[in-house]
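Throughout, residue positions are numbered sequentially from 1 according to the sequence presented.
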Amino acid sequence: MLIFVISSSCDADVEVDQTVEEIESATPIITGFSPTSVNVTETILVEGEFLQFVDRAFIGDVETEIASRVSDTQILLRVSLDAPSTGNIMLINDLARQGQDNLEFTATSTDVVSVNFPTPSITTTLATEATANDVLVIEGNAVNLITAITFGDVEATIAFQSEDAIAIIVPNPGTLDSVEVTFSYNSSNGIITESLSPAFLVNIPTPEASATPRIMTRDNTVIIKGSNMEFTNSVTVNSIEVEITKKEESELNFMVPPEIPTGIAEVVITDTEDRQTIFNIPYINGEYVEMFDMDSTPIDFWNLRTDRDDTVTHEEVTDPLEQPIFRINGGTETFPFGNSYYRVNYIQRSSSGLSEGSVDEVVNPEELDKLANMYDGNNFNGTPVLHFFMRTNEKASMRFHMGNSDRREITSNFRNTNGEWLLIAVELNNPIDNRFIIGGNPADIQFRLTPTSSSSVPEIKSGEYDWFIITDKVLTEFGAVNWTDTNSTTNFWNAQ
């Protein structure tokens with residue numbers, strides 16, 4: 001149907017002629033094609049007029065690929081694998097792309113094209129077994145015409161395909177028994193399937209974790225990195241099966257069920273062949289904000305104040321035998337925690353803070369908002385508790401600031417942990433004396449690590465720290481010791 005647009009200008013006749021010409025030029029015309037007999041996947045050169053407007057091409061009723069719009073008089077088609085054995089060539093210009101609904105211009109060849117289907121032949125002798133996810137290269141003739149290679153009932157992924165070679169990724173057939181391997185291809189009589197191997201064994205690898213989380217927390221996704229994770233069949237936490245939210249070759253994600261209590265949780269990964277891998281991972285069932293942790297926070301977070309003492313140094317310690325520990329079951333059992341911690345070395349000691357860290361530099365905005373509103377009752381149940389690991393042997397101390405210049409410092413009787421790691425808890429909203437509620441924005445938290453006396457003796461003094469967090473209760477399950485001042489005789493902290 002031709003639509004004429006009549007202009008009110010004095011050039012109305014020219015406008016009509018241009019519109020008719022544009023519409024006529026959008027109608028493809030086929031004058032011929034070659035060859036008239038072609039193999040699947042090969043090309044046909046179609047000649048005619050206005051072929052630059054063609055959007056789709058068909059052989060019979062099967063759409064085929066437009067390999068190239070050579071010019072307005074030539075277009076190159078590639079015969080699809082599922083083409084019919086004979087059929088007319090049809091070219092379509094679909095004006096829907098120009099905003100015209102249901103408006104198509106179609107050209108159909110008067111002659112038919114004959115499509116040939118060569119038979120693929122395999123020259124490679126297949127091995128008797130492989131491991132799932134292995135890449136197998138199969139050579140032969142006309143193997144580019146193969147449409148599928150199947151292991152049992154499971155189709156393999158084709159990674160590469162050419163006329164003389166095909167590369168596939170071995171799938172998991174879902175059984176430890178041998179399966180038949182077949183290949184399929186199109187023919188003039190439909191799909192043909194032939195056997196490659198009557199009995200092929202696929203070995204299923206066990207999922208192997210390379211990185212498990214240091215801590216699992218309520219309402220947060222648990223991410224386990226590794227290899228062969230897609231072969232995971234189920235995950236349980238303390239014998240409760242969980243929903244797997246992501247399962248890929250290198251990553252496994254899930255959520256801890258809400259009924260799991262705070263403590264060391266047993267995580268069991270069962271693969272598709274019922275083999276189990278067991279991990280013990282600490283879990284906190286409560287509100288949790290990690291401020292900094294040497295497993296994930298760069299050492300540059302700590303601002304070393306060499307302007308106050310140019311002999312001071314610091315380091316990240318990764319010795320696995322020296323890492324902080326949880327003391328569980330009343331301290332009768334220990335559980336190693338993390339892969340690195342922070343050590344500041346004081347040589348010629350000064351009373352000034354020699355290493356400092358500000359929480360707002362590393363906490364994401366959402367968690368920083370929780371810290372800013374930690375006393376509103378909606379966060380941390382209104383009972384925020386600071387935790388951190390500390391190990392000292394030379395009366396090193398720590399001060400923390402919240403909100404403004406007011407600060408708290410560990411008092412002298414508690415500055416030496418006798419070379420033992422302690423997980424220290426401080427209730428920041430103590431209901432007895434409220435001495436840890438400090439003015440200003442609670443999110444403005446800063447920790448300052450310092451020796452406590454001056455000395456001209458160039459003897460190394462040190463303080464070791466890790467895992468500064470805030471939860472909604474004291475983590476007694478992990479052996480945390482409560483250093484909250486609750487009466488006048490308990491002098492853990494000095495208000496300054």
Check your understanding: Hey, is CD on Glu243 packed in by over 12 heavy atoms from elsewhere, all under 6.0 Å?
Key -> no
Exercise for review: Check whether more than 12 heavy atoms from other residues, nucleotides or ligands sit under 6.0 Å from atom CD of Gln276, and answer yes or no.
Suggested key: yes
Review point. CG/Leu196 to CG/Leu136 distance, rounded to the nearest 0.5 angstrom?
Key: 10.0 Å
Point to revise | Set of residues satisfying side chain to side chain contact (heavy atoms under 4.5 Å, CB included) with respect to Thr236, sequence neighbours excluded | key: Glu241, Val268
Review point. Would a distance-only check, ignoring hydrogens and angles, find a side-chain to backbone donor-acceptor pair under 3.5 Å from Thr332 to Asn329?
Key: yes
Point to revise | Modelled atom types, side-chain donor and acceptor of Asn220 and Thr217, under 3.5 Å | key: yes
Exercise for review: Work out which heavy atom in Val474 is nearest to a heavy atom in Ala425; give both atom names and the distance.
Suggested key: CG1-CB, 3.7 Å
Practice item. Give the C-alpha distance, both sets of side-chain angles, the deciding distance and a yes or no for side-chain hydrogen bond (donor to acceptor under 3.5 Å, both in side chains) between Asn133 and Glu249. Key: CA-CA 9 Å; Asn133 285 343; Glu249 194 280 332; 5.0 Å; no
Practice item. Answer yes or no: is there an ion pair linking Glu356 with Arg308, defined by an N-O contact shorter than 4.0 Å? Key: yes
Review point. Are Gln446 and Ser358 linked by a side-chain donor-acceptor pair shorter than 3.5 Å?
Key: yes
Check your understanding: Would Asn416 and Asn393 satisfy side-chain contact (heavy atoms from CB on, under 4.5 Å), going step by step from the backbone distance to the final call?
Key -> CA-CA 5 Å; Asn416 188 349; Asn393 218 352; 3.8 Å; yes
**Study point:** Chi angles and distances behind the side-chain contact (heavy atoms from CB on, under 4.5 Å) call for Phe380, Leu371
**Key:** CA-CA 9 Å; Phe380 307 102; Leu371 297 181; 4.2 Å; yes
Practice item. Could you check Arg327 against Glu477 for salt bridge (Lys or Arg N to Asp or Glu O under 4.0 Å), going step by step and ending with a plain yes or no? Key: CA-CA 8 Å; Arg327 301 179 186 276; Glu477 298 89 343; over 6 Å; no
Practice item. Would you please test Phe400 and Trp493 for ring-ring contact (aromatic ring centres under 6.0 Å, His included) and show each step? Key: CA-CA 10 Å; Phe400 72 90; Trp493 299 91; 5.2 Å; yes
Exercise for review: With side-chain hydrogen bond (donor to acceptor under 3.5 Å, both in side chains) as the test, would you mind laying out the steps for Glu129 and Asn203 before giving the verdict?
Suggested key: CA-CA 7 Å; Glu129 63 180 73; Asn203 300 308; 3.1 Å; yes
Review point. Mind checking whether Arg391 and Glu322 have side chains closer than 4.5 Å, heavy atoms only?
Key: yes
Point to revise | Minimal non-hydrogen separation, Phe151 against Val202, with atom names | key: CD2-CG2, 4.0 Å
Check your understanding: When rounded to the nearest 0.5 angstrom, what distance separates CZ in Arg343 from CG in Leu449?
Key -> 13.5 Å
Review point. Going by heavy atoms in the side chains, are Glu251 and Lys246 under 4.5 Å from each other?
Key: yes
Check your understanding: Taking everything shown except Ile191 itself, do over 12 heavy atoms lie less than 6.0 Å from its CD1?
Key -> no
Review point. With a 4.5 Å heavy-atom cut-off, do Ser178 and Leu201 have their side chains touching?
Key: yes
Point to revise | CH2 on Trp467 to CD on Glu290, rounded to 0.5 Å | key: 8.0 Å
Point to revise | Residues Glu65 and Ser80: side-chain donor-acceptor under 3.5 angstrom | key: no
Exercise for review: Go through the steps to decide whether Asp309 and Thr311 satisfy the test side-chain hydrogen bond (donor to acceptor under 3.5 Å, both in side chains), and finish with yes or no.
Suggested key: CA-CA 5 Å; Asp309 187 337; Thr311 65; 2.6 Å; yes
Check your understanding: Is there a donor-acceptor pair closer than 3.5 Å between any side-chain N or O of Asp295 and the backbone N or O of Asn339?
Key -> yes
Practice item. Evaluate the side-chain proximity of Val154 to Asn172: yes if any heavy-atom separation is below 4.5 Å, no if none is. Key: no
Practice item. Could you label the plane-to-plane angle of the Phe468 and Phe447 rings as parallel, tilted or perpendicular, counting under 30° as parallel and over 60° as perpendicular? Key: tilted
Check your understanding: Counting only N and O atoms by type, is there a donor-acceptor contact under 3.5 Å from the side chain of Asp271 to the main-chain atoms of Asp274?
Key -> yes
Review point. If every non-hydrogen atom of Gln323 is compared with every non-hydrogen atom of Ser340, which pair is closest and at what distance?
Key: OE1-N, 2.9 Å
Check your understanding: Is the closest side-chain heavy-atom distance between Ile168 and Val135 below 4.5 Å?
Key -> no
Exercise for review: Return the minimal non-hydrogen interatomic distance between Thr193 and Ser184, and the atom names on each side.
Suggested key: OG1-OG, 3.0 Å
Check your understanding: Aromatic rings Tyr342 and His314: how do their planes relate, parallel, tilted or perpendicular, breaks at 30° and 60°?
Key -> perpendicular
Review point. Got Asn381 and Glu287 here, is their nearest side-chain heavy-atom distance under 4.5 Å?
Key: no
Review point. Under 3.5 Å, side chain of Arg415 to main-chain N/O of Ile410, donor-acceptor pair present?
Key: yes
Practice item. With rounding to the nearest 0.5 Å, note down the distance linking CD1 in Ile240 to CD in Glu266. Key: 12.0 Å
Check your understanding: Do the side chains of Ile224 and Phe254 get nearer than 4.5 Å, heavy atoms only?
Key -> yes
Point to revise | Flag, side chain of Asp134 to backbone of Thr131, donor-acceptor distance under 3.5 Å | key: yes
Exercise for review: Examine distances only and state if a side-chain atom of Asp376 and a backbone atom of Asn379 form a donor-acceptor pair shorter than 3.5 Å.
Suggested key: yes
Revision key, fill the gap. Distance col, row Ile146:CD1 vs Ile166:CD1, nearest 0.5 angstrom, shows 5.0 Å
Practice item. Ignoring hydrogens and angles, tell me if any N or O in the side chain of Thr182 forms a donor-acceptor pair with the backbone of Glu194 under 3.5 Å. Key: no
Exercise for review: Inspect the surroundings of CG in Asp82 and state if more than 12 heavy atoms from other residues, nucleotides or ligands are less than 6.0 Å away.
Suggested key: yes
Review point. When the ring planes of Phe389 and Phe337 are compared, do they come out parallel, tilted or perpendicular, using 30° and 60° as the limits?
Key: tilted
Point to revise | Intermediate values then yes/no, side-chain contact (heavy atoms from CB on, under 4.5 Å), Ile264 and Ile328 | key: CA-CA 9 Å; Ile264 308 300; Ile328 56 179; 4.0 Å; yes
Check your understanding: Counting N and O atoms only, with roles assigned by atom type, does the side chain of Tyr185 sit under 3.5 Å from a partner on the main chain of Val143, one being a donor and the other an acceptor?
Key -> no
Review point. Which heavy atom of Ile138 sits nearest a heavy atom of Ile149, and at what distance?
Key: CD1-CD1, 3.9 Å
Exercise for review: Without swapping roles, check the side chain of Lys225 against the backbone of Ser250 for a donor-acceptor pair under 3.5 Å.
Suggested key: no
Exercise for review: On the 0 to 90° scale, with breaks at 30° and 60°, tag the Phe326-Phe478 ring pair as parallel, tilted or perpendicular.
Suggested key: parallel
Practice item. Nearest 0.5 Å please: distance from the OG1 atom of Thr313 over to the OH atom of Tyr346. Key: 10.5 Å
Check your understanding: Are Thr471 and His387 close enough that some pair of their side-chain heavy atoms sits under 4.5 Å apart?
Key -> yes
**Study point:** Donor-acceptor pair between Thr123 and Glu139 side chains, under 3.5 angstrom
**Key:** no
**Study point:** Any donor-acceptor pair under 3.5 Å from Thr175 side chain to Asp177 backbone
**Key:** yes
Practice item. Would you name the heavy atoms of Tyr341 and Tyr465 that are closest together and state the gap between them? Key: CB-O, 3.7 Å
Exercise for review: Taking atom types as modelled, find out whether Glu208 and Asn228 have a side-chain donor-acceptor pair closer than 3.5 angstrom.
Suggested key: no
**Study point:** Verdict with reasoning, Asn253 to Ile223, per side-chain contact (heavy atoms from CB on, under 4.5 Å)
**Key:** CA-CA 5 Å; Asn253 293 180; Ile223 300 174; 3.6 Å; yes
